[in-house]
There are 4 protein chains.
Amino acid sequence: MSVNRVILIGNVGQDPRVKYFDTGSAVATFPLATTDRGYTLANGTQIPERTEWHNIVASNRLAEIVDKYVHKGDKLYLEGKIRTRSYSDQSGAMRYITEIYVDNMEMLSPKGANPGAGASASGQPATGQQQQPVAGQPQQTQQSQAQPVQDNPADDLPF
Amino acid sequence: MSVNRVILIGNVGQDPRVKYFDTGSAVATFPLATTDRGYTLANGTQIPERTEWHNIVASNRLAEIVDKYVHKGDKLYLEGKIRTRSYSDQSGAMRYITEIYVDNMEMLSPKGANPGAGASASGQPATGQQQQPVAGQPQQTQQSQAQPVQDNPADDLPF
Amino acid sequence: MSVNRVILIGNVGQDPRVKYFDTGSAVATFPLATTDRGYTLANGTQIPERTEWHNIVASNRLAEIVDKYVHKGDKLYLEGKIRTRSYSDQSGAMRYITEIYVDNMEMLSPKGANPGAGASASGQPATGQQQQPVAGQPQQTQQSQAQPVQDNPADDLPF
Amino acid sequence: MSVNRVILIGNVGQDPRVKYFDTGSAVATFPLATTDRGYTLANGTQIPERTEWHNIVASNRLAEIVDKYVHKGDKLYLEGKIRTRSYSDQSGAMRYITEIYVDNMEMLSPKGANPGAGASASGQPATGQQQQPVAGQPQQTQQSQAQPVQDNPADDLPF
DNA sequence: TTTT
DNA sequence: TTTT
């Protein structure tokens, strides 16, 4: 018997990426930031503010809700569980990434507060998003943008 | 404003490693396993049981309690927060490890249920313990045991 | 948007009472005790140990699991929400009772640790159970035991 | 060993009442509302939206923070524990009230969103507050406002 | 009423 | 590496 439970309130770092599969399932992923206030220890040591980035994963019905309503900048309440999965990097070495699989979500931002790229006039999607460092996320080595990029298996799920 | 909160109930995978510093502070680290029951989806797909390994870190007073009372096999209730830290591996590449910084702990095993290496007659401490793979933990390449090993900075904290 | 979430680990004070309805639904209720350790304040004041009694309610599938597996003395992990309901006491005055509606449960006791009245040799069921004071529970005034007691509406649900 | 943990996100129903004691300690109390969304069962039954009122209690340093920053209408994140205490009502009968003793609080409203009575020009404190029904709160019978009201012992602590 |  |  065991329990694996996470509760987060934080801000969405990038517009979510959502994949729909022909089985009808869907997966949404996005980074969420939580920030600890800095403080001063009894001995005078200053502990600075610190931001933690979480790799969030939502499935199915929740992925669709994320797709419709969640945007960069939104404040969210999330419940879920911690999951670490392994993948092979380009050199074939085993790497790990820790993700939060969400099973409950509440929106804390007022509606329309962060309309996101999809609501903008230009509609230019967030291409910069893959260059954002996300804690624990597999880093891609630089690749030419000119030729079609084969799907990287390590890229297949979540991050 | 944000919240980063984790609640775990699981089993200790190895006797904790505890370091005491000359500043009087202490840090204890150990792996904790949580296991999801397997289940069957509506469409008949079998989802097997799955074990998650968490890298637990406790400091100061809590580290001392861990040192005294926590042993391999114990069932624990833990509250804490998620923290991902980076380090450089042997090739100089950036790696990430996600840890749970504990701030509240309750023992769920009956007292004396798992006396651990320190309570055994031989008292031979768990030297094999450092060779155990821990999910998301930096792996050390094989090194000669013959000469004194310099502390690896990546080894310094937690795992 | 809001969150109402409770996490309890404690001991079952009495064998659960379970009601099955002809609609197929079921409700299980039982008291759960959590105990805070006593401690000493900086100024020397002793804060004694304190036991809190929670009125637990489980429905449907969870009520059936409670019926089968939960017994007096068991240690349980529960997740749920707080709910206060009102009822009228015998004098017609409005009274309140706060209950925990459970939506997730894990058994922390080893199997068979507390077999309960139904598994005992004498099999004498816990008739005294309805006379146990439960914190916040509507108190019944003394009634004759000689004649069949009509169901009290205030007694109908949970406690 | 046990755990008694509550997590709430909701809205403050009334400006907090704060009492300072000559020992230097302080206690703040206020009602917090959480609202469950309504939903429709598989069989078509409509479950309406439902608001739950929680009796919140904060002590000492947290009470002072409440005094300074928390106002009617604010959205709060709270962590704490459930506590039911008894008191005698006017007829001498034992009554129960369930409260949430808070040990962690985060403000979810933008600063200055709800300035409260204390920040208004008139500064007329919320006299209506005692007429708000709070779930599980001891009800006061009507008393003349003309003469000084003796402290009711049941009124002494929290609510 | 539970349990440590 | 734990545990059921």
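Below, chains carry the letters A, B, ... as their sequence lines are ordered, and counting in each starts from 1.
Across E/dT3, E/dT2, F/dT4, the shortest atom-to-atom separation from the side chain of C/Asn114 is found for E/dT3. The C/Ala33 side chain lies nearest to E/dT2 when the options are E/dT3, F/dT4, E/dT2. Of the listed nucleotides (F/dT3, F/dT1, E/dT2), E/dT2 has the atom at the smallest distance from the side chain of C/Lys72.
Applying the salt bridge (charged side-chain N to carboxylate O under 4.0 Å, His left out) test to C/Glu64 and every residue at least two apart in sequence or in another chain returns nothing. Looking at residues two or more places apart in sequence or on another chain, you find a salt bridge (charged side-chain N to carboxylate O under 4.0 Å, His left out) between C/Glu79 and A/Arg5, C/Arg5.
Within 4.0 Å of B/Thr34, counting heavy atoms only, lies no atom of the nucleic acid at all. Residue contacts shown for B/Thr51 include a base, since a base heavy atom lies under 4.0 Å away.
Taking atom CD of C/Glu52 as the reference point, atom P of E/dT4 lies 19 Å away to the nearest angstrom. Taking atom CH2 on C/Trp53 and atom P on E/dT3, their separation rounds to 8 Å, with Å as the unit. Taking atom CD1 on B/Ile56 and atom C1' on F/dT2, their separation rounds to 12 Å, with Å as the unit. Here F/dT2 presents its P atom at 10 Å from CG of B/Asn11, a figure rounded to the nearest Å. Distance B/Arg37 CZ to F/dT4 P: 14 Å, rounded to the nearest Å. Between the CG atom of B/Asp15 and the P atom of F/dT2 there is a distance of 11 Å, rounded to whole Å. In this structure, B/Arg50 atom CZ and F/dT4 atom P are separated by 21 Å, rounded to whole Å.
C/Val102 and C/Met105 make their closest contact through CG1-CB, 4.4 Å (heavy atoms, listed as atom of the first residue, atom of the second, distance).
Although no hydrogens or angles enter the test, the distance criterion places a donor-acceptor pair under 3.5 Å between the side chain of D/Asn4 and the main chain of D/Ile82.
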